[in-house]
Amino acid sequence: MESYLIAILTIAGIYAVLALALNLQFGMTGLINFGVVGFYGLGAYTSALVTELLGLPFAAGLAAAIAVGAVAGAAASGLSLRLSGDFLAIVTLGFAETVRLVLNNEDWLTRGPRGFIISTRPVPDTLGRDGASLFYLGLVLVLALVAFLVLERLRRSPYGRTLRAIREDDLVPATLGKNVFAYRLQAFVIGSVLMAAAGSIYAHYVQTITPDNFTTPIAILIWMSLVVGGAGNNVGAVVGALAVTAIYEGSRFLMPFIPWLNAEQMSALRFIIIGIALIAVIRFRPEGLLPEPVNLPPSRTAQSSTSQQQYQVTGGTAS
Amino acid sequence: MTALPLRIEASGLTKRFGGIAVVDAVSFQAHAGEIVGLIGPNGAGKTTLFNLLSRVLRSDAGTLLINGIDATRRAPHELATLGLVRTFQLARELDRLTVLENVLLAARDNRGERLFDALCRPAATRKSEHAMIQQAREALSIVSLAPHEAKPAAALSGGQKKLLELARCLMSGADIILLDEIAAGVAPHLVEEIVDLVARLNREHGKTFVVIEHNVGVISRLCSRVVVMAQGSVIAEGSFETISRDANVIASYLGQAA
Ligand SMILES: Nc1ncnc2c1ncn2[C@@H]1O[C@H](COP(=O)(O)OP(=O)(O)O)[C@@H](O)[C@H]1O
Ligand SMILES: [Mg+2]
């Protein structure tokens, strides 16, 4: 039971990174990425190939996944953002499907649907089985924490304000001198990098990856996490990922109570339960459990007395 | 007579929509310190001309110089750097950002807007943001929106949203400001305030304005020169007195509007 909990938390942590990355792209910048699993899977396989075929350590696999994620993110967004916004949604969807097809069919490299076995682990050999899984959970939490802190700093900064402005109406920041294309490209690439890094961590955690690990249902879970948690809110993205993972994994425990369902029906039922939760949130809390925070202005007392005076003079005549 | 430098110098600007030239080989100039009125009936192509001057739309022909620099093929965001900003006929406030954030967005050279500085230089970011907040508050108090700074922009009235756009233009520090029907739908006492403000910014800060406006009173009080457009072309140009006596103008616009 305890090891099961650790396993769920590890997966939830990885999903939290994916949800945080999607929050930067969609929640803050308004970029629609339907290809989350493409970047996730690309990171996983890149890391696996680098460590297993080249015999390099995990750190090299992670670095390669990050590099490939950046290049793929720049290519997908660079091509489509020059055109209209809706184009990105289609391109990312096509990208994920292409990644899946390549992983399935190039089996001289990826071993196709049989799965790719990974022996490299970023865990000291001296740890036992339980110690190793705890260590791995810690590793995932460190990645999630780093992602959270970086994205939260961006959200609170003037950079994040520009991203939100682009999300609201890109013509306004453009006419005020912001290079909208560059901002969108950066936000998309940072998100893709985080997704690829999550893929790398995932690959070395499960140690056997197949193209089926990176299909649309996972992308749907991540989108649901963000919408349930609250798009635009980093804490919301994490809470959403925890909630969705808890519901999805927790519904396994229903199995003994409904023995007449087979495994396939059971897995469909789990998605139905998450779907109902999603509908309930959208119905009763359309902005998610934790809506986007409002950046309230700092108090005026910190400001110089001259501007305060000016404010009072005009404030008196206004209205 | 020493000619003042040209802020805007457009020649032969043309924009076609589906074969129809909505702006047809228009040449347009604005000198430093001028307030130019741009009038004409609805559909004359005034807003489209603004879109060409701010590069929101790409022109099909013609050339554009802003502050003496060729802007014919520039991206819209480069125009703000060259010193030209604009408001929109339908106010484009950013609803989910606060009023103060809407203005802060217009800051030029705010370090924290750069990815590297936002991530790796928190102290420098905070310092520059602090200075910008002070400037933004000044811009807001100039347009009498200071008491509303913490509200989401969606909560402002229609007239206040226009004032917010003006505050953004001030914050940008640009020396050329295009105002597209900024007084339309604004309460009369606010119209007075806007007129006084534009006159003052022009007089005291030397800002150049191009003003699209249907309110003839506003045009006659503000503008040293008026350009009249109809059906995509400039049909008259001169002082308000001159153009209001022009038979063409009366036929195509003033007569119709009355
Ligand atoms: N994006 C567009 N596509 C097609 N026609 C347009 C577009 N924008 C403006 N027009 C047309 O161009 C003409 C001029 O419009 P506009 O510049 O808005 O006029 P004004 O601001 O002088 O009232 C109108 O007939 C309008 O319908
Ligand atoms: Mg118009």
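A, B, ... follow the sequence lines: proteins, then strands. Residue 1 opens every chain.
The pair E101(B)-R164(A) meets the salt-bridge criterion, since a charged nitrogen lies less than 4.0 angstrom from a carboxylate oxygen. The pair R161(A)-E129(B) counts as a salt bridge, with a side-chain nitrogen and a carboxylate oxygen less than 4.0 angstrom apart.
For L100(B), the part lying near chain A is the side chain, with the backbone staying farther off; criterion is any non-hydrogen pair under 4.5 Å. The contact between R86(B) and chain A is made entirely by side chain atoms (from C-beta outward), counting heavy-atom distances below 4.5 Å. Using a 4.5 Å cut-off between heavy atoms, V294(A) contacts chain B through its side chain alone, with no backbone atom that close. There is no contact between L163(A) and chain B, counting heavy-atom distances below 4.5 Å. For F181(A), no part lies near chain B; criterion is any non-hydrogen pair under 4.5 Å. Only the backbone of R114(B) comes within less than 4.5 Å of a heavy atom of chain A; no side-chain atom from C-beta onward does. With a 4.5 Å cut-off on non-hydrogen atoms, A75(B) does not touch chain A at all. Only the side chain of R167(A) comes within less than 4.5 Å of a heavy atom of chain B; its backbone N, CA, C and O stay farther away.
Atom CD of E165(B) is separated from atom CG of L176(A) by 9.0 Å, given to the nearest 0.5 angstrom. For the atom pair L115(B) CG and L154(A) CG, the distance stands at 6.0 Å (nearest 0.5 Å). N179(A) CG to H77(B) NE2: the interatomic distance, rounded to the nearest 0.5 Å, is 3.5 Å. Taking CG of L84(B) as the reference point, atom OG1 of T175(A) lies at 9.5 Å (rounded to 0.5 Å). From R96(B), atom CZ reaches atom CG of D169(A) across 13.0 Å, with rounding to the nearest 0.5 Å. Taking OG from S157(A) and CG from L119(B), the interatomic distance works out to 7.5 Å, rounded to the nearest 0.5 Å.
With hydrogens and angles disregarded, no donor-acceptor distance shorter than 3.5 Å links the side chain of Y159(A) to the backbone of F116(B).
Looking at every heavy atom in both residues, E168(A) comes nearest to D95(B) through OE1-N, 4.0 Å. Closest approach of R137(B) and S299(A) over heavy atoms only: NH1-O, 3.9 Å. For the residue pair A107(B) and K178(A), the shortest heavy atom distance occurs at O-NZ, 2.8 Å.
If you tally non-hydrogen atom pairs under 4.5 Å between each of N102(B), V56(B), L190(B) and chain A, the highest count goes to V56(B). Chain B forms the most heavy-atom pairs under 4.5 Å with one residue out of V172(A), T162(A), V150(A), and that residue is V172(A). The candidate from V85(B), T125(B), T81(B), N110(B) with the greatest count of non-hydrogen atom pairs under 4.5 Å with chain A is N110(B). Ranking P152(B), A106(B), S54(B), P76(B) against chain A, the residue ahead of the rest is A106(B), based on heavy-atom pairs under 4.5 Å.
In D109(B), the CG atom is not crowded: 12 or fewer heavy atoms of neighbouring residues, nucleotides or ligands sit closer than 6.0 Å. Around atom CG of L296(A), more than 12 heavy atoms belonging to other residues, nucleotides or ligands sit under 6.0 Å away.
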Report the C-alpha separation of T98(B) and N295(A) in whole Å, then their side-chain angles, then the decisive distance to 0.1 Å, and conclude whether the side chain to side chain contact (heavy atoms under 4.5 Å, CB included) test is met. CA-CA 7 Å; T98(B) 64; N295(A) 284 354; 5.7 Å; no
